[in-house]
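See structure below.
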Amino acid sequence: MLTFEETQEALNQLIDALPPGIFRELNCGVALTPDTMYDENGLMILGQYHVQPHGLGRYVTINYGSLQTIHGHLNPENFREKLKGVLYHELTHHIEHLAGDRSLEIKDAVDIRKMLSS
C-alpha cells in the first residue's frame, strides 16, 4: 500500500514521463485528492476530467481514497500501474475533448450501464 505522499510522488513521476503536449490546455493540471468519491449510482470514482464553464479551466483529479479502497491491497508496483491507468484514462478524456471526440465518454457510459445491469 502506498501512502498519500508516495502516491503523489508516483503520480508526479508518471506526469513527468509524458510529453508536454498532452497537457496542452489542461491549465489547472492534475491533482491528487484524499477523497473517496461515488457517482449517482453508488459506483466509486477513481478519477475525473473536469471542464469549467466559460473557459475557466480544465483539470484532472485522481481520488486517492477511492484508489485505496479498491486497490489498496495491491503491492506498490501493481498499485502504481492502477494509478497510471487512471491517469491515462482521464488524460484520454482531455485529449478527446480538445478534438471534439466523445468516444471514451460514450464507452464509459456503456460500461457503467453493463455494470449496473449485472
Side-chain angles (χ1 to χ4, degrees):
M1 175 168 92
L2 295 181
T3 66
F4 184 87
E5 292 76 19
E6 291 168 332
T7 302
Q8 182 65 66
E9 179 58 32
L11 183 58
N12 291 343
Q13 290 170 359
L14 289 167
I15 290 167
D16 290 345
L18 292 169
I22 289 175
F23 301 96
R24 182 177 65 89
E25 296 187 41
L26 192 70
N27 52 343
C28 296
V30 177
L32 182 67
T33 74
D35 303 328
T36 303
M37 301 280 298
Y38 296 89
D39 72 5
E40 63 277 1
N41 300 302
L43 299 173
M44 201 161 287
I45 301 171
L46 299 177
Q48 292 177 284
Y49 173 61
H50 305 269
V51 179
Q52 297 298 312
H54 312 296
L56 293 177
R58 294 182 178 103
Y59 62 98
V60 167
T61 53
I62 309 284
N63 301 314
Y64 175 78
S66 297
L67 276 167
Q68 279 299 324
T69 300
I70 295 175
H71 302 299
H73 66 283
L74 297 175
N75 67 45
E77 182 180 331
N78 290 339
F79 185 84
R80 283 185 189 93
E81 282 302 309
K82 296 297 184 181
L83 176 64
K84 181 179 179 179
V86 173
L87 174 65
Y88 284 19
H89 181 94
E90 299 311 327
L91 290 175
T92 300
H93 279 297
H94 171 62
I95 293 165
E96 286 187 356
H97 183 263
L98 292 178
D101 184 0
R102 296 183 58 224
S103 298
L104 185 56
E105 185 179 335
I106 292 165
K107 180 187 178 308
D108 285 349
V110 168
D111 290 346
I112 289 168
R113 278 195 301 272
K114 286 179 184 176
M115 278 192 284
L116 293 173
S117 67
S118 297

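Here the structure is a predicted model, which is why all the values come from computation and not from measurement. Note that the numbering runs from 1 along the sequence shown for the chain.
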Mind running side-chain contact (heavy atoms from CB on, under 4.5 Å) on Q13 and D16 for me, showing each step along the way?
-> CA-CA 5 Å; Q13 290 170 359; D16 290 345; 5.7 Å; no

Begin with the C-alpha distance, continue with both residues' side-chain angles, and end with the deciding distance and a verdict on side-chain contact (heavy atoms from CB on, under 4.5 Å) for L18 and L91.
-> CA-CA 11 Å; L18 292 169; L91 290 175; 3.6 Å; yes

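For S103, the side-chain hydrogen bond (donor to acceptor under 3.5 Å, both in side chains) test picks out D101, with sequence neighbours left out. Residues passing the side-chain contact (heavy atoms from CB on, under 4.5 Å) test with M44, sequence neighbours excluded: T36, Y38, S66, T69, I70. Residues satisfying the salt bridge (charged side-chain N to carboxylate O under 4.0 Å, His left out) criterion with E105, sequence neighbours excluded, are R102. Applying the side-chain hydrogen bond (donor to acceptor under 3.5 Å, both in side chains) test to S118 and every residue at least two apart in sequence or in another chain returns nothing. Partners of H93 by side-chain hydrogen bond (donor to acceptor under 3.5 Å, both in side chains), not counting sequence neighbours, listed by chain and number: H89, D108. Partners of Y88 according to the ring-ring contact (aromatic ring centres under 6.0 Å, His included) rule, which considers only residues two or more places apart in sequence or in another chain, do not exist here. Partners of K107 under the salt bridge (charged side-chain N to carboxylate O under 4.0 Å, His left out) rule, at least two apart in sequence or in another chain, are D111. The side-chain hydrogen bond (donor to acceptor under 3.5 Å, both in side chains) test applied to E90 returns no partner, not counting sequence neighbours.
How far OG1 of T92 is from CD1 of I22: 8.5 Å, rounded to the nearest 0.5 Å. Note that NE2 of H71 and OG1 of T7 are 12.0 Å apart. Values are rounded to the nearest 0.5 Å. Here CG of L74 is found 9.5 Å from CD of Q68. Values are rounded to the nearest 0.5 Å.
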For residues 51-61, run the donor-acceptor check on the side chains, cut-off 3.5 Å, and write out each pair with its distance to 0.1 Å, sequence neighbours left out.
from : atom 1 : to  : atom 2 : distance (Å)
Q52  : NE2    : Y59 : OH     : 3.3
R58  : NH1    : E25 : OE1    : 2.9
T61  : OG1    : H50 : NE2    : 2.8

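Criterion: ILVMFWY side-chain heavy atoms under 4.5 Å apart, direct or through other members. Under it, I15 and L67 are part of a common hydrophobic cluster. In the hydrophobic clustering of this structure, F4 does not group with I45; members are Ile, Leu, Val, Met, Phe, Trp, Tyr whose side-chain heavy atoms approach within less than 4.5 Å, directly or through other members. Under the 4.5 Å side-chain contact rule for hydrophobic residues, M37 and I62 do not share a cluster. The hydrophobic cluster containing L104 does not contain I95, counting ILVMFWY residues as joined when their side-chain heavy atoms lie under 4.5 angstrom apart, directly or transitively.
When hydrophobic residues (I, L, V, M, F, W, Y) are linked wherever their side-chain heavy atoms come within less than 4.5 Å, the members clustered with M115 are L43, I112, L116.
Among pairs with a residue in residues 94-118, those fulfilling ring-ring contact (aromatic ring centres under 6.0 Å, His included) read Y49-H94, Y49-H97, at least two apart in sequence or across chains. The list of side-chain hydrogen bond (donor to acceptor under 3.5 Å, both in side chains) pairs with a residue in residues 73-87, not counting sequence neighbours, is empty.
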